[in-house]
Structure formats: C-alpha cells, structure tokens
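Sequence lines set the chain letters: A, B, ... in the order given, protein chains first and strands last, and positions in each chain run from 1.
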Protein chains: 2
Amino acid sequence: MLRSGGVAGGRERPGERTIVTLEDVARAAGVHYSTVSRALDPDTARQVNVMTRKRVQAVAKRMGYQKDMVASGLKRGRTHTVAVVVGDLANPNVALMLRGISNRLEPAGLMPLIVDTQNDPARLERVLDHLLSRRVDAVIVTAARLSDGPTLRRIRRRGIPVILAVQTVPGIRLPAFTHDDILGGTLAAQHLLALGHRRVAQLRGPADIYSCLQRAQGFSQTIAAAGAMEVVLRSSGPMGTAEEGGHLMRQLLDSKRALPTGIFAHHDLMALGAISVAEERGLACPRDFSIVGYADLPNVERMVPPLTSISLPREELGRLTADVMVELLSSGARPPASRKLAPTLVVRQSTGPPRDFR
Amino acid sequence: MLRSGGVAGGRERPGERTIVTLEDVARAAGVHYSTVSRALDPDTARQVNVMTRKRVQAVAKRMGYQKDMVASGLKRGRTHTVAVVVGDLANPNVALMLRGISNRLEPAGLMPLIVDTQNDPARLERVLDHLLSRRVDAVIVTAARLSDGPTLRRIRRRGIPVILAVQTVPGIRLPAFTHDDILGGTLAAQHLLALGHRRVAQLRGPADIYSCLQRAQGFSQTIAAAGAMEVVLRSSGPMGTAEEGGHLMRQLLDSKRALPTGIFAHHDLMALGAISVAEERGLACPRDFSIVGYADLPNVERMVPPLTSISLPREELGRLTADVMVELLSSGARPPASRKLAPTLVVRQSTGPPRDFR
DNA sequence: TACGGCACCGCAAACGTTTGCGCCAGTCGG
DNA sequence: CCGACTGGCGCAAACGTTTGCGGTGCCGTA
C-alpha cells in the first residue's frame, strides 16, 4: 500500500539545493529504499521483481534521482576517482597525455583528479596526502623525479594501485608506462651519424629526470660505438626551457674547441633557444650546425627552421595507461608489467650534412 | 582511564589497506572520538581542553591520521571540490588558464575536478550530471557555446555557484570572467589601420562562440568607422585550426577581388594556416599582406614570420576566477559581478605597411 | 497437511565524520 | 549549604548508500 502523508516538498524554498535521495524515490514508488537501491544498480537489479523494478526505475527517472557518489564512496570504499599527478599542466606534452587519459577514463565512469605539482617535490608529497584522504582508487604519477622514490614507495604502501607514466624511477617496484628514451637518444645519434657528423654535442636536461639519463645513454652509446667525438653539457635548471638551451649553447660557443657540427638537445625548446643564441653570433642552422630536438612539440614544424625532432606518442601513452588502469580497477588483476612505447624520428630542416661535406 | 584491550592491528595483513579513523585515535588517546574530531578541527578546537587537545593532536600525528574527506563530505554536504569544465585540455590557452585556476585552488584546500568535453555539447550535459552526483561545491565552465544556454541554466537551478570563464553566453544570469574580445578585435583593427591598410579581411571563428562574435564586432566596427573596406569569411569547422585558416585563405585567394592587404584571423593557428596557403601561391607575409593573429600562443614568436597577435592574460584570468570562487565559497557572499580583462597587442613581423606604401 | 525451497522485499547495521544535546564535576555567589 | 552556571567531554543521531540477514508469501512435492 502506498504510504500517504509527508508528501515531499513544502519545506524547501525555491532557491534551495534540493537533492533527491533513495528515500524520496522509495516513498513515491511505495517500496523500501533498499529496494530502490537494488533496482537501480545493474548488478543487483535482478534481485527485484521485474514489475517493481521497472516502476522504480521510472519513478527515479521522473524525479531526477542521481546517486550520491559521495555516500556511495563512503559505503563501498571505492570512489571511482583516479588521481593524475602532473608536473606542469601547461606543458604541451603533459596536456596531450592528459587528454589521452581523460578520454579513456570518462567512459569507464572514472573521474580523473588532476593535480599539478609545478615540479616541486614538497608539493608532490602534500598533494598525495590530500589525494589519499580523498580516497582515490588509484594514482597515476607522470611527474616522478629520481628523488621522489621514497614518496612513491610510501603511497604504494597504502595499498592502492599506482602506475607511473612518462617518467619512472629506476629500481622501484611499480609498473611504468614510458617512452623508450634510450631508443629516442639512439635515433637522434643515428640520424646525425648518418648525415656524416663526427663531432657532436649533447645538451642534457636535468640529472634527476630519469628519461634524460636514458636519452643521454642511448645517444652517447651510439656515438661512442661509431667512434665519433662527443661533448656533453649538463643543464642544472628546470626541464626544457629555451633559456636553458641558450645558456648551454653559449657555453659551447665560448669554449676554445671547434663547434661540434651536430647537436642533440633534450628538448625542442632547448633546441630553439640554442638556435637563437647561435644566430646572434652569426651562425645559421643547418648551414653551420645541425640540431635535433626532443618531444616534437606542436607547431614545431612551423618554426624557423622547422625542427628535426624525436616524436613521442603522448596521447597514445595516456590512453594505454588509462586502459590498463581501468582494467586493473575493474577486474582487480595483479599489477601489470611495465611497457615502453617507441618514439620516432621526424626529419625536418634543422639537420643536414656537416659543412665540410659540402 | 585508558581503555586497554583490542589493540589495533593484528587483523590486517601487511599489504592490506589500513586507514586510521577517528576511533583509532580516540582509543589510543583515551578519549571519545567526537573529542578527537573537535580537537583536530581548527574551528572547534577551543571546545576541548588545551591539555587533551595537544595530546590528541600528538597522537593523531603519530598515528598518521588523515581525515576522510569522503565521510566529511557526506556529513557536511561540502566536498571542497570545484568542477572545471574545459573544451579541450590540449589547447594551450586552456592549459595556461587551468594552471592559474589550479594553483589558486590548491592552497585554499579546494580540489579542481577537471573534465574535458572535447567541445561536444552532449558530453557537456553528461559530464555535468556526473559532477553534480559527485556533489561538487561549485562549477567553473570555460567551454560555453551559445547553444549551451539551457544546460547552464539547468545547473544553475541546482543551487550551486556557477562561474563562466573565457567564454560566456549573452543574456545568461551567471557571472562571467572573460577577455575583452571587443577590445581585442578593436586593437587588431586599429593596428592594421595605423599601418595604412584600407582593404582588410577577417577570418572568423565559429559562429556559436560568443567571443568570436565579439572579436568580429570590435574589428568590423573599427574598420567601418575608419571608412575602410572589409571582407568577412566565416569558418564553419572547429575553432582555431590551421586547416580552417588555410581553407578560408584559399577562398580569399580564389575570389575575383584583389587580395586585401591586411588580414585579421580569429586564432593564431588560423593565421599560420593562412600564411602557409599564401606561400604556396607565391605570396609572402608581410611583403604581400599583413596578418594579425589572436591568442598569442606560446612560441608563436618563433614562427616564420613571428606573428603579430592579440595577447590574452590567460593565467591571470584563471587566477582571478579561482580567487573569486574561493571567496564565494568561504564567505558565502552573493554572486560576484562579471569582469573583463583587457588583451594587448603584440607587434611582431607578420604585419607591416601595405605594399603600395613602399 | 507439512515442509522445503524460492522469489521478493524490508530491516537495520554499517561506512567515518560532524554536531546538537546533555551529563558531570567543578566554581561561585548568595 | 544550595542553586546556577560553566568548561569539558561523551552520547547518539544524522548524512545517503550498500548489503547481509531474515521474514513473508507462494509454489511444489511428499
């Protein structure tokens, strides 16, 4: 029998935030609210008679019922949120990767909680605590630096899945989805060698970013194996700024040695900064030197000169990471194995044969 | 007296997710858990004796207690989350704005829930429902199109604060923080006029984006007031792609009329696309025509030619929006007034005097 | 008729916090 | 010595879901 009396409404003023709860629907449908809960959850819907089920569903729809994910999260211990920690939101590399993640998580009913650490390790710690207190179901970290090992181990101990993306930390027991940066460095070296360069330079990124170490390793090994000469310049500042690239280029130009004919910069912006500085000194690219960038930033093909670069499948990496995370959370499988995605060389006009070849 | 017995631990296996609750702390500190709750909340901490307060705080810290924001959210009805709806995460404009928002929300203890609609109105609706069911405290929408009016009004009716950023919809009763796009269009026109251009063209963005209408209005009014000639080309495709700009430029070149000497593109990428197409036909910029872009994308100064553009204070707009939102949520004030931030003209080398002046 | 089995649904206890209320032991004024 | 008052704290009811358990009919079989 329908319980009458206590008709909903009447207490709230028009502007009031009015949320429809299970109980409201239950009253309207003449059932207990637990029945409503069951009728609306696909997993339990068959526990309720098909007639009442339809009725309840209709009433719920009519009243605009929306499950309160906060209450559900508290009860179930699963919030359907995934924290995504990034080093810098405005970095185009990061943004593309995020789009990949976001587009994959959304249809699975998972909400990415994107937090920006501004590449500050202290902020990483703070932010992770904050995220854990929000009971995220899992964490994707795309901003790991070598020094972050302890922090990462700490959240691993919380028992929730953690996946590293883009950046990893050697020796950590966490699945990592990265670009194959050794291959990236190798491709750059092979390209310069194939063009005939025998004296090369490397403008390295920060030493606490593992992918930079990998790029360096791939590059230097290949150069050494070919018996060519290499000079290495190390950046101490932030990752991948034009200023940093210009700074290193100035060092190179100021040294007594002859300018190397081929240069590998660890980031496109570093390459562009280097080119600018060289031009100030009357050197032109690729006439006087060749340079290979890294990351293949958007619109870099419209720069002057269009930059030869190592292209990274960023959005795909994001999708892959999100896919694995969805799988991990839905089937409760064991942590997946790490994977590396291969970068590709994109030849444009910032590289050519060394001058003495012409 | 300390209750002994039932020492925590012993039941959980090492890998188990082990969360410390108020009750755990209470047991360890020998008080009731409501006292712990009060002692740890700055607003209620003075309700508990300073001695016990210190003790409880120490115990909580030692045990690594972290308030469960999910439970707190359920009880208080405030989740300390702000939804931020964007049209495309990978758009550099959006990314910078997001950084501004994110950096401002974080110290206030608010968590941005960033969702990407891929500029799809249907997805906007879906996603907003999802966000509301997560009981977000407020919403910032940066992707509003003219057709989104009804959707926006619907969430306004839910009673939570909504602020529009970057894009607005005319006639809607919601605070909007935007760039002054009329001024932006005006600046572009004034610049071209000052250089001596008398025949100009406008490459317009999509008609359902209000800021494009504003840019057009500012530009056309200024051109008309100076008695110069203008031809308008309308883009029907997505916002601001190079292809779109190239497409419109082709139309312009294919028309019987003489090529206008000055062009205003509604987006930097459109401008770049237009330049590429013109170059294919043997026309050079700024020799044969001048072009002004919009948005001042990162690294656009390194393009060829370095693009004259209208620069928008994106990150500042993000900060401002977030600031207002924080204020709104903490003090419960009435909705703020809309504001417009002024763009600036950045002159580079894609504009110069028209050919006949030389 | 008795009884087991089953389908359906209600009951109520959680999940971890917050918070109004009220108890208790002091203290103080009369 | 008594009553009022107060600071400090415990009690328990929420917040909206989920879910194990058990109750109520109803059917079929012995």
Side-chain angles (χ1 to χ4, degrees), chain A residues 1-3 8 17-57 59-60 63-80 132-135 137, chain B residues 1-3 8 17-57 59-60 63-80 132-135 137:
Chain A
M1 192 202 278
L2 281 170
R3 243 174 288 180
R17 178 203 210 126
T18 164
I19 65 172
V20 183
T21 71
L22 281 182
E23 194 162 355
D24 298 330
V25 178
R27 226 189 328 260
V31 292
H32 191 262
Y33 61 89
S34 65
T35 303
V36 180
S37 172
R38 277 189 271 256
L40 297 181
D41 180 350
D43 291 340
T44 53
R46 56 189 185 75
Q47 293 178 29
V48 11
N49 183 287
V50 60
M51 298 285 294
T52 36
R53 190 199 310 168
K54 297 283 183 204
R55 179 161 45 95
V56 167
Q57 286 169 349
V59 172
M63 299 180 67
Y65 171 78
Q66 290 247 101
K67 168 154 81 173
D68 184 331
M69 293 305 287
V70 178
S72 174
L74 173 61
K75 179 62 187 165
R76 290 227 236 222
R78 302 240 346 229
T79 53
H80 296 274
L132 291 177
S133 91
R134 286 179 180 277
R135 302 288 181 260
D137 291 344
Chain B
M1 190 205 276
L2 281 170
R3 245 175 286 179
R17 177 200 210 130
T18 164
I19 66 172
V20 183
T21 71
L22 281 182
E23 193 161 357
D24 298 329
V25 178
R27 226 188 330 260
V31 293
H32 192 262
Y33 61 88
S34 65
T35 305
V36 179
S37 173
R38 278 189 270 257
L40 297 181
D41 180 352
D43 291 341
T44 53
R46 53 188 188 73
Q47 294 179 27
V48 11
N49 182 289
V50 60
M51 299 285 292
T52 36
R53 189 198 311 167
K54 296 284 182 203
R55 180 160 46 92
V56 166
Q57 286 169 350
V59 173
M63 298 179 68
Y65 171 79
Q66 290 246 100
K67 168 154 80 174
D68 184 330
M69 294 305 287
V70 178
S72 175
L74 173 61
K75 179 64 188 162
R76 291 228 237 224
R78 303 247 335 235
T79 53
H80 296 273
L132 292 176
S133 92
R134 286 182 179 276
R135 302 290 182 258
D137 292 343

Whole angstrom value for the distance that separates [atom2] of [N] from [atom1] of [X]:
X	N	atom1	atom2	result
B:Asp43	C:dT18	CG	C1'	12 Å
B:Arg53	D:dG8	CZ	C1'	11 Å
B:Arg78	C:dT17	CZ	C1'	16 Å
B:Asp24	C:dC15	CG	P	11 Å
A:Leu40	D:dG16	CG	P	16 Å
B:Glu23	C:dC15	CD	P	8 Å
A:Arg134	C:dG16	CZ	P	18 Å
B:Met51	D:dG7	CE	P	19 Å

Could you tell me whether the side chain of A:Ser34 has a donor or acceptor atom within less than 3.5 Å of a complementary atom in the base of C:dC11? yes
Per [X] side chain, nearest of listed nucleotides [options]:
X	options	value
B:Tyr33	D:dG10, C:dT18, D:dT18	C:dT18
B:His32	D:dT19, D:dC11, D:dG16	D:dC11
B:Thr35	C:dT19, D:dG10, D:dT17	D:dG10
A:Leu22	C:dT17, D:dT17, C:dT19	D:dT17
B:Ile19	D:dG16, C:dG16, D:dT18	C:dG16
B:Val48	C:dT17, D:dC9, C:dC9	D:dC9
B:Asn49	C:dC9, D:dG8, D:dG16	D:dG8
B:Arg38	C:dG20, C:dT18, D:dG16	C:dG20

Would the distance check show the side chain of [X] and the main-chain N or O of [Y] forming a donor-acceptor pair, the cut-off being under 3.5 Å?
X	Y	value
B:Arg55	B:Ala29	yes
B:Arg38	B:Tyr33	no
B:Asp137	B:His80	yes

Take B:Val56 and B:Val31, measure what side-chain contact (heavy atoms from CB on, under 4.5 Å) needs, and give me the verdict at the end. CA-CA 8 Å; B:Val56 166; B:Val31 293; 4.0 Å; yes
Kindly determine whether B:Arg53 and B:Asp41 satisfy salt bridge (Lys or Arg N to Asp or Glu O under 4.0 Å), including the steps that lead there. CA-CA 10 Å; B:Arg53 189 198 311 167; B:Asp41 180 352; over 6 Å; no
How would you label the contact of B:Thr52 with the nucleic acid (heavy atoms, under 4.0 Å): base, sugar-phosphate, or nothing? sugar-phosphate
Identify whether any heavy atom of B:Thr21 sits under 4.0 Å from a base atom; if not, whether one sits that close to sugar-phosphate; answer base, sugar-phosphate or nothing. sugar-phosphate
Looking only at side-chain N and O atoms, does [X] come under 4.0 Å of OP1 or OP2 in [N]?
X	N	result
A:Lys67	D:dT18	yes
B:Ser37	C:dG16	no
A:Arg76	D:dT19	yes

Whichever of B:Val50 and B:Leu74 has the more 5' nearest nucleotide on DNA chain D, that residue is B:Val50
Please figure out whether B:Gln47 or A:Gln66 has its closest DNA chain D nucleotide nearer the 5' end. B:Gln47
d(A:Thr79 OG1, A:Arg134 CZ) to nearest 0.5 Å is 10.5 Å
Which residue lies more 5' along DNA chain C, comparing B:Asp41 with B:Asp68 via nearest heavy atoms: B:Asp68
